[in-house]
Amino acid sequence: MSAEQHYPFTEIEAKWQARWRESRSMACDITDATDKFYCLMMFPYPSGDLHVGHGRNYIIGDVLARYLRMEGRNVLAPMGWDAFGLPAENAAIKNNVHPADWTTRNIARMKRQFSRWGIEYDWQREVTSCEPEYYRWTQWLFLQLFDAGLAVRKQADVNWCPSCKTVLANEQVVNGRCERCDSVVEDRSLMQWFFRITEYADRLLGDLDQLDHWPERVKTMQRNWIGRSAGARIDFELVSTGEKVPVFTTRPDTLWGCTYMVLAVEHPLVESIIARSASGGADLRAFVSRVKRLGREARGDAGLEKEGIATGEEVVNPVNGRRIPLWLANYVVMDYGTGAVMAVPAHDQRDFEFAKRYNLPIEEVVAPPPGVQGTLPGAAWQDAGVLVRSGPFDGQKSDEALPKVIDWLREHEAGDHTVSFRLRDWLISRQRYWGAPIPIIYCPDCGTVPVPEKDLPVRLPTLVDFRPVGDGRSPLATSGEFLHTSCPKCAGPAERDTDTMDTFVDSSWYFLRYVSPHDSERPFDPAVANRWLPVDQYIGGVEHAILHLMYARFITKVLHDRGWIAFKEPFARLFTQGMITKDGAKMSKNKGNVVPPDVLIERFGADTERVYTLFIGPPEKDAEWNDRAVEGAYKFLNRTWRLVHEHLDAVRAYAANPAAITGVEMGSVERGLRRKTHSCVQKMRRDLAEQLHFNTAISALMELVNDCGEALRAAEGAMSPGMRLAIGEALHHLILMLSPMAPHVCEELWEKVGRPGGILAARFPQADLSALTVDSVTLVVQVNGKIRGRLDMPAGAAEAEVKRQALALPAVEQQLGGTAPRKVFVVPDKLVNIVA
RNA sequence: GCGAGAGUGGCGGAAUUGGCAGACGCCCUGGAUUUAGGAUCCAGUGGGGGAAACCUCGUGCGGGUUCGAGUCCCGCCUCUCGCACCA
């Protein structure tokens, strides 16, 4: 490749990146919220080098921010670092450096990387979650929840990752394995802090309906995760002791068909049942420990064979006083409902299989419609039907009787409406070093005492040995200086909580900090936050569909309830970009399929990578990286560069006086080009702002470049004044429209055109509809839906006129073989359909 | 099983939302230029038929609505993702 055959991207990119840096091109005037647009990208873990797959997220955000700037919006585009947490810590341990140093180094590297991509942020607003200036307010947030009774400490069986040596939130356990290291998760019983997100379950679910601009997929995932089931609590009575045993069911209408009850092995009654057992309970005890040993992974498997054991005890069905046997089984879990299930084998498949295996009675109480095979021989009838053998409800439709059964239970004080959620409380304690310390002090006299706000931050000590201890204690417990303190209440000797917070706490509120990143008095300025939030456009990976996005919504609602902010949802619009794969797999160092951007940028320039990344496919879908196709983007930029240089005078002439174009005489070629230019502008607005369809936006610009070439060829080298201006306009608009996507090359071209000052000072072109009118259009004539010819018609004629002319045209009659057309449709634009 | 989304050339993907299917790009073929290669430019590029103008079939499968369906309706099939002994 010789120098004159491609544009000098290396120089150009260095030049403009330096200028943007110096001019702080993305600095936002936060005091002015008119026409504001908060454009936020999920902040990254500073965990190492970025590859082209990461680039997609940030390039999309950068293009949007640049475009909106050109539209005159006041854009807030900040960036920060999710710098606490396991990945940073693990890498630091592996490389034998302190997490803080490792993190700082990576942040510097990644900032350089952003800059090389031409991605600009308002770096004045940078936040880093591992700095005391930030985590001070994460601790403040903890105190807010503590004060609201939403942060509670309890002994709990928790998910313990033996490899990471820490507790995991439910959300971080996937199929019984640690989300990060894939180790099988164990159960441990520890004292842990929880955020009571379940208090907000109903609101987190209900408010999803207001999030019109969130992907349906993400909302569905959140709905599933919250897992709301409406039903009833029904109190059965244990015959031996008279204790109440509540069950949860979504089908109280089938209550008369209940023939036994099943408890989870973790159920609190199990111990006393074993103690009372006539046989000494050895068999029961063996069953319980065997099921417990199975572990979470095996028990979560729906294919697990249903096993159980009779306790020898009985419970009473409140609705008919009937005594039924009480069993323990491996298919009932303590996590959901009450850990006790009323078994209706005739109308629940699991109960059915269990009853078959252990020869328990199966009694049909919901009759299927006539002619339909109901329960038996192979499966339970789980649909609605007519109730039979159901006392006062006989003959009623089961779905209609359902609420009435609950009413009956309420009247007889044997149950009530209730709602069960799959969502668990958010466990936030971590026995790890690299996180925000939990601001709590334990005093022998005063108990659990929150650290007073004025004493924040509780600083993370610089430990020599920060590695996990592994016995359930945090590394912080090994620092006497950190551990021993005095009680804020009684000043007596006391100890600090030595756990740190889950990093999802850090990221649950960072979008608020950007509005006042240097405020040392408050986490954020509520007045400014209320003007700038919710975030107008949030962009990130779908892998955060549940964890981060649910926690951020929860924290927003808590802060709303505490009067800090006026809004209830943090992110008005959410866009989840697809992954970029290589060789069919996610890029990772292990697989050796990472495409590093540096080589690409050296060879083709950052603009080429940006354009290719945007052009690769619909941004919400996964896409396969294709090294060869990158060259298509490169060719396009080179062609643009050459074309503008060949017609610099024309572009300058247009730019000097854009209004002149309307007064110039033009032939059909020139007018056709103008029409294409302006319909391209229209398409661009829709594609960029409304739909984020960058792939079609770029193909439209490619078409415009092709159209320019075609128009020039059609003019056969004769540059009439009209042609000059039409080309000038097309290229002028092209530069501007392309600039959000390929900012370096467009800034350079823009400067050459004679309008120094930078793209960000230029406006995105407006479509001029008057430029779209033409003298005549070719109408496609369909007869009975088949294309039968083409007719030239005057353009701009009223529909009726076009119709009249179409009817009168001999060509139409000829097409119809002499018969008069029965009906003529004129479709907007240029299609006529005639019905014979 | 429940929920969401998708199925269009050799490939990635378009289709102004019911109006000329395959835009744009990649691959491939031919031509121009070049000592050559590269780069660039031009032309072609869904299947079948034809020298050609054109004809014909064609958007996972089967029906339907309509002058007209990739798009709407009914019934299937396949794939991707999420959830799942959730009572």
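Chain letters run A, B, ... following the sequence lines, proteins first, then strands; residues in each count from 1. Note that the coordinates shown come from a computational prediction; the quantities given were computed from them, not determined experimentally.
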Identity of whatever pairs with [N] - Watson-Crick or G-U, under 3.5 angstrom:
| N | value |
| --- | --- |
| B:rA84 | none |
| B:rA32 | B:rU40 |
| B:rU65 | none |
| B:rU45 | none |
| B:rG58 | none |
| B:rC79 | B:rG5 |

Atom [atom1], compared across [N] and [M]: separation rounded to whole Å:
| N | M | atom1 | value |
| --- | --- | --- | --- |
| B:rC11 | B:rC61 | P | 16 Å |
| B:rG47 | B:rA52 | P | 15 Å |
| B:rC81 | B:rC28 | C1' | 35 Å |
| B:rA6 | B:rA51 | P | 44 Å |
| B:rU45 | B:rA53 | P | 10 Å |
| B:rU8 | B:rG60 | P | 6 Å |
| B:rG37 | B:rA32 | P | 12 Å |
| B:rU59 | B:rU71 | C1' | 10 Å |

Remember a base hit wins even if backbone is also touched, and classify [X] as base, sugar-phosphate or nothing at under 4.0 Å, heavy atoms.
| X | result |
| --- | --- |
| A:N695 | sugar-phosphate |
| A:R223 | nothing |
| A:P618 | sugar-phosphate |
| A:L701 | nothing |
| A:K635 | sugar-phosphate |

Out of [options], which nucleotide sits closest to the side chain of [X]?
| X | options | result |
| --- | --- | --- |
| A:R422 | B:rG12, B:rC26, B:rC86 | B:rC86 |
| A:K306 | B:rC86, B:rC85, B:rC24 | B:rC85 |
| A:S229 | B:rA15, B:rC85, B:rA87 | B:rA87 |
| A:R628 | B:rC85, B:rA87, B:rC26 | B:rC26 |
| A:R686 | B:rA87, B:rA23, B:rU16 | B:rU16 |
| A:N706 | B:rG25, B:rA43, B:rG13 | B:rG25 |
| A:T220 | B:rC86, B:rC24, B:rG3 | B:rG3 |
| A:M221 | B:rC85, B:rC26, B:rG82 | B:rG82 |

- Task: Report the residue (A:D622 or A:G709) whose heavy-atom-nearest nucleotide on RNA chain B is the more 5′ of the two.
- Result: A:D622

- Of A:F248 and A:E703, whose nearest nucleotide on RNA chain B comes first from the 5' end?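 Its nearest nucleotide lies further toward 5', so the answer is A:E703.
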
- Task: Report the glycosidic orientation of B:rU17: syn if within 90° of 0, anti in every other case.
- Result: syn

- Under a 90° cut-off about 0 for the syn range, is B:rG82 syn or anti?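 You should classify B:rG82 as anti.
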
Distance test, side-chain N/O of [X] to OP1/OP2 of [N], below 4.0 Å:
| X | N | value |
| --- | --- | --- |
| A:R713 | B:rC41 | no |
| A:R639 | B:rU40 | no |
| A:R642 | B:rC41 | yes |

- Query: Heavy-atom distance under 4.5 Å between the side chains of A:F615 and A:R610, does that happen here?
  - Reply: no

Check this for me, if you would: do [X] and [Y] make a salt bridge, where the nitrogen-to-carboxylate-oxygen distance has to be below 4.0 angstrom?
| X | Y | value |
| --- | --- | --- |
| A:D202 | A:R228 | yes |
| A:E620 | A:R217 | no |
| A:D768 | A:R675 | no |
| A:R233 | A:D235 | yes |

- Which of parallel (below 30°), tilted (30 to 60°) and perpendicular (above 60°) describes A:Y336 and A:F248? perpendicular

- Task: Check the angle between the aromatic planes of A:W327 and A:Y260 and answer parallel, tilted or perpendicular using the 30° and 60° thresholds.
- Result: perpendicular

